[in-house]
Every structure is written in structure tokens, then in C-alpha cells.
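Inspection log for the structure reproduced underneath, given as C-alpha cells.
Please read all numbers here as calculations on a predicted model, not as lab measurements. Order of listing sets the numbers, starting from 1, for every ligand and every atom in it.
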Amino acid sequence: MNKLALIVSAALGAAVLAGCAGAKQEAAGPGGNPFATASFHEILTKDFSDKGQAKVSRLQQTQSQYECSKYAYLGEKMPDAVAKEIESKAQAGVVYPADGKYLGDWKAGLKVAEDGKGMQWSDKPGSPNGGNCLACHKMIANDPSQGNIGPELYHYAKLRGDSAAILKYTWARIYNSEAFNSCSYMPPFGAHKILTEQQMKDVMALLMDPNSPVNK
Ligand code: HEC
């Protein structure tokens with residue numbers, strides 16, 4: 001889930017906790033979302049405002065975020081057909097490296113993985129973004145500050161090898177994780193242009209290079 005999706009779900013959670021029992025029956029909110037009620041939008045627009053490059057328009061969900069929030073809100077399992085459609089659309093949108101080379105420089109990749117900056121109001125628009133991988137994944141030894149929202153990636157290539165299939169899978173995962181999991185919490189680094197192609201290659205090298213701390 002990207003940061004905004006997290007904010008949206010947190011706000012949605014707060015609205016539910018605040019006792020909006022009749023929320024499902026309320027009129028559709030702006031954007032026509034049947035579950036995003038007018039009162040929910042009021043909370044959002046009251047509490048958030050444009051600041052620098054961080055615009056309130058970011059709270060507009062993508063179609064897949066909308067579907068995922070909707071079924072979570074209704075407490076229903078997303079129908080397989082809807083999930084499949086999100087996944088195949090994401091899969092079809094993956095852009096593989098133009099030169100066919102997946103691997104860059106793992107040292108640069110480590111910096112991207114550690115860097116949580118970018119796209120915030122206080123960041124200079126157009127400056128490179130970080131990937132913040134370590135916030136969600138354990139990737140290296142002896143660093144207790146790493147997160148566990150995502151699975152451990154320590155010894156990634158050591159455990160899985162570096163076959164063409166693994167390279168392709170890993171690239172697509174980083175490009176848009178929705179290609180494998182319709183409601184993935186992992187930010188779509190390529191699809192939403194969070195990382196550049198070179199940064200993605202560097203992060204790939206971090207996961208795949210036998211000399212990178214991931215595989216030590
Ligand atoms: C907000 C949390 C979050 C961030 C940040 C994040 N990931 Fe993930 N990642 C996940 C989750 C959760 C999964 C598990 C699958 C899913 O939910 O789709 C995952 C799965 C993966 C997988 C597949 C693992 C497997 O077992 O096949 C790879 C590879 C991966 N992430 C790499 C990265 C890289 C590289 C970065 C940084 C550029 C990154 N992730 C940033 C949450 C995150």
C-alpha cells in the first residue's frame with residue numbers, strides 16, 4: 001500500500017471507529033465511490049491541504065485501490081475475477097529494461113533501499129526518490145531498524161538463484177507488485193514512476209549480486 005493509501009485506510013478506519021454505522025447507506029461521495037461517503041470526504045478535505053508538490057488530489061484512488069478499499073470496507077472477499085483483472089492489467093503494464101539488462105550497481109541500490117525521502121512537500125520536486133525498501137523488508141544482516149511489513153529478502157539470490165525467470169519476476173514485482181497480488185501493500189515503483197529505470201536496476205543488483213550485503 002502506498003503512503004496515501006495508508007492514510008486513506010487510516011482515515012476510513014477512523015470514520016468507522018467514530019461510529020458511522022449508517023455509512024454504507026449514505027450518498028455516494030465525490031468521485032462516485034459508493035463506499036467513500038460525503039462525511040468521509042469532508043474529513044479528508046478538512047484535514048489535508050495542498051502543500052508544495054503534495055497535493056490533495058493524491059487522495060484520489062486508482063481503480064485498483066478503490067476496489068481493494070471497497071471490499072475491505074464491505075468486509076467481503078474480492079471476487080477472483082476482479083483480482084485477476086487487476087493483476088493481468090498490472091502485468092501487461094510492466095515495462096522491462098530497454099537494453100535487456102536487469103542489473104546495475106548494488107552499492108547505489110543499497111542507498112536507494114535505505115532512502116525514505118521523496119515526493120513529500122518538503123522535497124525538491126524532480127529530485128530523486130528513495131525506495132524505502134528497508135522500512136518494510138529485512139534485506140541485510142544486523143540492522144534491527146528494518147521493517148517486517150513485507151517478507152524477508154535477506155539472501156534473496158542465494159536462496160532463489162539468478163535465472164532469467166527470477167530476474168524477470170523480481171523486476172515485475174518491483175515495477176508493480178499488483179501484477180502478483182491485486183491488493184499488494186508494496187508501492188508500484190515503476191508504474192507510479194517512484195524510481196527511475198536506473199534506480200530499479202541498482203536495487204535489482206542489490207538483491208541479485210553475490211557480493212551485495214543481501215547475499216552475504
Ligand atoms: C510499504 C511496504 C513495502 C515497501 C516500501 C517495499 N515493499 Fe517489497 N513487498 C512488500 C510486501 C507486503 C510484499 C509481499 C507481497 C505483497 O503483499 O504483494 C513485498 C514483496 C516484495 C518482493 C517479492 C518477495 C517474494 O517473496 O517473492 C520483492 C522482491 C520486494 N518486495 C522487493 C522490494 C524492493 C526492492 C523494495 C524497495 C525498492 C520494496 N520491496 C519496498 C512491502 C513493501
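Within the listing of ligand 1, atoms 5 (C), 37 (C) sit less than 4.0 angstrom from a heavy atom of G131. Heavy-atom proximity to I149, at under 4.0 Å, picks out these atoms of ligand 1: 12 (C). Residue contact check: G150 has heavy atoms under 4.0 Å from atoms 10 (C), 11 (C), 12 (C) of ligand 1. Annotation for ligand 1: atoms under 4.0 Å from non-hydrogen atoms of C136 are 1 (C), 2 (C), 3 (C), 4 (C), 5 (C), 42 (C), 43 (C). Those atoms of ligand 1 with a heavy atom of N132 less than 4.0 angstrom away are 5 (C).
No heavy atom of F180 sits closer than 4.0 Å to any atom of ligand 1. For E114, the closest heavy-atom approach to ligand 1 does not fall below 4.0 Å. Within the structure, the closest approach of P187 to ligand 1 falls below 4.0 Å when heavy atoms are considered. Under a 4.0 Å heavy-atom criterion, A113 is not in contact with ligand 1.
The side chain of R160, and not its backbone, has at least one atom closer than 4.0 Å to an atom of ligand 1 (non-hydrogen atoms only; side chain from C-beta on). When heavy-atom distances to ligand 1 are checked against a 4.0 Å cut-off, L153 comes that close only through its side chain, counted from C-beta outward. Residue S184 touches ligand 1 through backbone and side chain together, judged by heavy-atom distances below 4.0 Å.
Under the 3.5 Å distance criterion, the side-chain polar atoms of Q65 are matched with a main-chain donor or acceptor of T62.
A donor atom on one side chain and an acceptor atom on the other are found under 3.5 Å apart for Q61 and S69.
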